[in-house]
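This report concerns only the one structure given below.
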Amino acid sequence: LLRQTQRLHDQPPQMGMEAFDGRRAIVVSWDWAANRGTVRLDGSLWNATANVPVREGDEVLVVGHERMELRVTPAPVSPR
């Protein structure tokens, strides 16, 4: 029973805002002056903030949240 409990504890969250951490989204609109905008994650639109400016169409990585607003950062680019 202890091993099963540990395995469940090691898995990433499946529900709640924490489940979005590490996911990729696409910037739909962005206000450069406020460093906030809208991103599309799995077909749903979310308010988002970032510490660095991003552009419409950029892929971003969800790194956290504050209430119902996602915190994002530019997604790393995979080498080709």
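Just the heavy atoms: all of them, side chains too, but no hydrogens, waters or symmetry mates, feed the values below.
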Which pairs, with at least one residue in [range] and sequence neighbours excluded, count as a salt bridge (Lys or Arg N to Asp or Glu O under 4.0 Å)?
range	result
residues 43-55	none
residues 43-53	none
residues 44-54	none

Can you tell me how far the OG1 atom of T49 sits from the CG atom of N35, to the nearest 0.5 Å?
->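 Rounded to the nearest 0.5 Å, the OG1-CG separation comes out at 8.5 Å.
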Side-chain polar contacts of residues 60-70 - donor-acceptor pairs under 3.5 angstrom, sequence neighbours left out - could you list them?
{"residue": "E69", "atom": "OE1", "partner": "R36", "partner atom": "NH2", "Å": "2.9"}
{"residue": "E69", "atom": "OE2", "partner": "R36", "partner atom": "NH2", "Å": "3.0"}

Go through the steps to decide whether F20 and L41 satisfy the test side-chain contact (heavy atoms from CB on, under 4.5 Å), and finish with yes or no.
-> CA-CA 9 Å; F20 294 141; L41 176 65; 3.3 Å; yes
Note, V52 side chain near P74 side chain (heavy atom, < 4.5 Å) =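 Yes; the side chains approach each other to less than 4.5 Å.
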With a cut-off of 3.5 Å and sequence neighbours excluded, list every side-chain donor-acceptor pair involving residues 21-33.
{"residue": "R23", "atom": "NH2", "partner": "D42", "partner atom": "OD1", "Å": "3.0"}
{"residue": "R23", "atom": "NH2", "partner": "D42", "partner atom": "OD2", "Å": "2.1"}
{"residue": "R24", "atom": "NH1", "partner": "E59", "partner atom": "OE1", "Å": "3.0"}
{"residue": "D31", "atom": "OD1", "partner": "A33", "partner atom": "N", "Å": "3.0"}
{"residue": "D31", "atom": "OD1", "partner": "A34", "partner atom": "N", "Å": "3.3"}
{"residue": "W32", "atom": "NE1", "partner": "V54", "partner atom": "O", "Å": "3.4"}

